[in-house]
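Comments concern the structure below.
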Amino acid sequence: IVTGLCYAVARNFKSTLAKGKKFQSPIAFLGGVAANAGMVRAFEDILELNQGELIIPKHYATMGALGAALISMEQGGKIDPAIWDLDSLKVLLTQQKPEIKTLHSLSGTGYSEKRATTVHNLSPQQTLPRGVYIGIDVGSLSTNVVAIDEDKQVLARRYLKTAGKPLEAVKQGLKEIGEEIGPEVRVLGVGTTGSGRYLTAQFVGADLIKNEITAQATAAIHIDPEVDTIFEIGGQDSKYISLDRGIIVDFEMNKVCAAGTGSFLEEQAERLGIDIVDQFGTLALLAESPCRLGDRCTVFMESDLVANQSKGADLQPLVAGLSYSIVQNYLHRVVGERRIGKKVFFQGGVASNQGVVAAFNKVLGQEVI
């Protein structure tokens with residue numbers, strides 16, 4: 001797997017940056033990644049070089065700074081001694097605070113939740129056999145297991161981390177649900193969906209395997225037959241579904257960029273030292289002037305975040321800015337020019353983030369449910 005990752009990065013570099021241009025020797029490999037022996041070998045193979053032909057300079061990681069120093073020397077530039085005075089530098093930063101581009105506050109935007117049913121747990125007195133249907137959604141980051149009865153009431157549900165072991169997560173989910181609803185229950189049918197649906201179906205003996213688009217739409221229509229648009233943002237996937245009177249008429253998934261997904265948000269929350277579940281949404285709603293972080297890929301969004309931090313941006317505007325970026329990235333890269341209807345359902349793990357919900361409401365000028 002890690003060898004494959006190295007080759008994928010090398011191929012992506014060649015196709016995205018070189019765009020068909022021919023690489024001519026001698027070639028130097030610079031930057032921190034040059035320390036990775038796997039990447040060196042992958043570049044040698046992809047660029048059709050002999051082993052050891054790729055030049056790795058002694059100071060490969062600091063070549064940019066070294067070049068800046070050499071240019072300064074060549075041009076006879078004089079360094080102001082005050083640059084070494086940290087107190088003077090702090091005063092300068094205070095007096096000349098760089099301008100931070102901001103957006104409208106997210107406060108005052110609605111956050112509503114609409115549930116299909118309340119959870120009806122079986123009481124200990126219910127000893128007669130009762131039929132249930134099990135739904136299992138195995139994604140890259142989370143595994144969800146739900147039990148419903150014949151009246152379509154939710155009896156139990158579990159949201160678990162897949163953690164690279166989908167079958168272990170499924171076993172854990174089924175075990176916990178089994179303990180919750182008791183042994184006097186007959187399983188009448190099992191359906192699987194998600195990226196791990198085929199493996200899981202074989203493992204549990206599922207009766208039905210359905211793609212995520214169909215499963216997401218079916219659940220939404222059951223909750224409200226009038227829903228005409230579904231936004232779904234999960235751990236690494238984003239989906240858009242357009243409905244017309246309960247029929248799927250259009251859909252799209254993110255093809256390349258994962259900047260607008262849950263894993264990216266979680267990464268940035270960790271970088272900022274906040275809890276993604278308990279703190280992120282609350283902090284986003286408190287910001288008066290959210291930072292403008294753009295809607296490009298993860299690397300550029302992250303760069304914009306760091307740049308705003310270096311300009312002295314506080315935590316709340318940064319978190320609110322991330323909420324805006326997730327929404328703008330999703331609308332530009334997944335939805336594009338497609339129709340957004342009057343009743344929009346927001347589904348997937350990211351829908352629990354109040355900051356992102358508020359950003360959708362603000363950008364669209366309508367409430368997402």
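Please read these numbers as outputs of a predicted model, since none were measured by experiment.
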Are any side-chain N or O atoms of [X] and backbone N or O atoms of [Y], one a donor and one an acceptor, separated by less than 3.5 Å?
X	Y	result
Y330	K239	yes
Y240	R339	yes
D228	K343	yes
D151	Q153	no
N211	T214	yes
T229	G341	yes
N144	Y159	no
N12	A8	no
N361	V368	yes
Q316	E288	no

Between [X] and [Y], is any pair of side-chain heavy atoms under 4.5 Å apart?
X	Y	result
T193	I209	no
Y7	I46	yes
E232	I241	no
P317	C291	yes
R333	N254	no
I340	V344	yes

To the nearest 0.5 angstrom, please state how far the [atom1] atom of [X] sits from the [atom2] atom of [Y].
X	Y	atom1	atom2	result
L318	L293	CG	CG	6.5 Å
C6	D45	SG	CG	11.0 Å
K14	T16	NZ	OG1	12.0 Å
Q202	T192	CD	OG1	11.0 Å
M39	L54	CE	CG	9.5 Å
R157	I148	CZ	CD1	13.0 Å

What closest approach, in Å, do [X] and [Y] show between heavy atoms, and which atom pair accounts for it?
X	Y	answer
R158	G173	CG-O, 4.2 Å
L285	A358	CD2-CB, 3.5 Å
G139	T162	O-OG1, 3.0 Å
L305	Q268	CD2-OE1, 3.3 Å
L167	T200	CD2-CA, 4.4 Å
S140	S195	N-OG, 3.8 Å

Worksheet entry | Trace of the side-chain contact (heavy atoms from CB on, under 4.5 Å) decision for I326 with F264 | CA-CA 9 Å; I326 294 297; F264 172 70; 3.7 Å; yes
Would [X] and [Y] show up in the same hydrophobic cluster when neighbours are defined by side-chain heavy atoms closer than 4.5 Å?
X	Y	value
L199	I136	yes
L47	I56	yes
V138	L141	no
V306	I274	no
L174	V190	yes

Worksheet entry | Residue pair L331, F231: steps toward the side-chain contact (heavy atoms from CB on, under 4.5 Å) verdict | CA-CA 9 Å; L331 292 174; F231 294 164; 4.2 Å; yes
Discussion item. Less than 3.5 Å apart, any donor N or O on the side chain of S325 or N329 sitting next to an acceptor on the other?
Written reply: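 No pair is found: no donor N or O on one side chain lies under 3.5 Å from an acceptor on the other.
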Item to complete: Please check if any side-chain donor atom of E168 sits under 3.5 Å from a side-chain acceptor atom of Q172, or the reverse.
Response: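 There is no such pair between these side chains.
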Worksheet item: When the ring planes of F360 and F346 are compared, do they come out parallel, tilted or perpendicular, using 30° and 60° as the limits?
Response: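 Rings of F360 and F346: perpendicular, as their planes differ by over 60°.
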With a 6.0 Å cut-off (strictly less than), is the heavy-atom count around [atom1] of [X], excluding the residue itself, greater than 12?
X	atom1	value
E179	CD	yes
F203	CZ	yes
L70	CG	yes
Q366	CD	yes
E270	CD	no
F23	CZ	yes

Discussion item. Apply side-chain contact (heavy atoms from CB on, under 4.5 Å) to residues L283 and L272 and explain how you reach the verdict.
Written reply: CA-CA 12 Å; L283 289 168; L272 295 170; over 6 Å; no
May I ask you to say whether [X] pairs ionically with [Y], meaning some side-chain N is under 4.0 Å from a carboxylate O?
X	Y	result
R338	D250	yes
E267	R271	no
R197	E212	yes

Practice prompt. For a side-chain contact (heavy atoms from CB on, under 4.5 Å) with L265, tell me which candidate from N353, I233, V319 qualifies.
Written response: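 Exactly one candidate clears the test, N353.
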Practice prompt. Report the C-alpha distance between Y324 and L106 in whole Å, list the side-chain angles of each, state the deciding distance to 0.1 Å, and finish with yes or no for side-chain contact (heavy atoms from CB on, under 4.5 Å).
Written response: CA-CA 9 Å; Y324 265 116; L106 292 173; 3.6 Å; yes
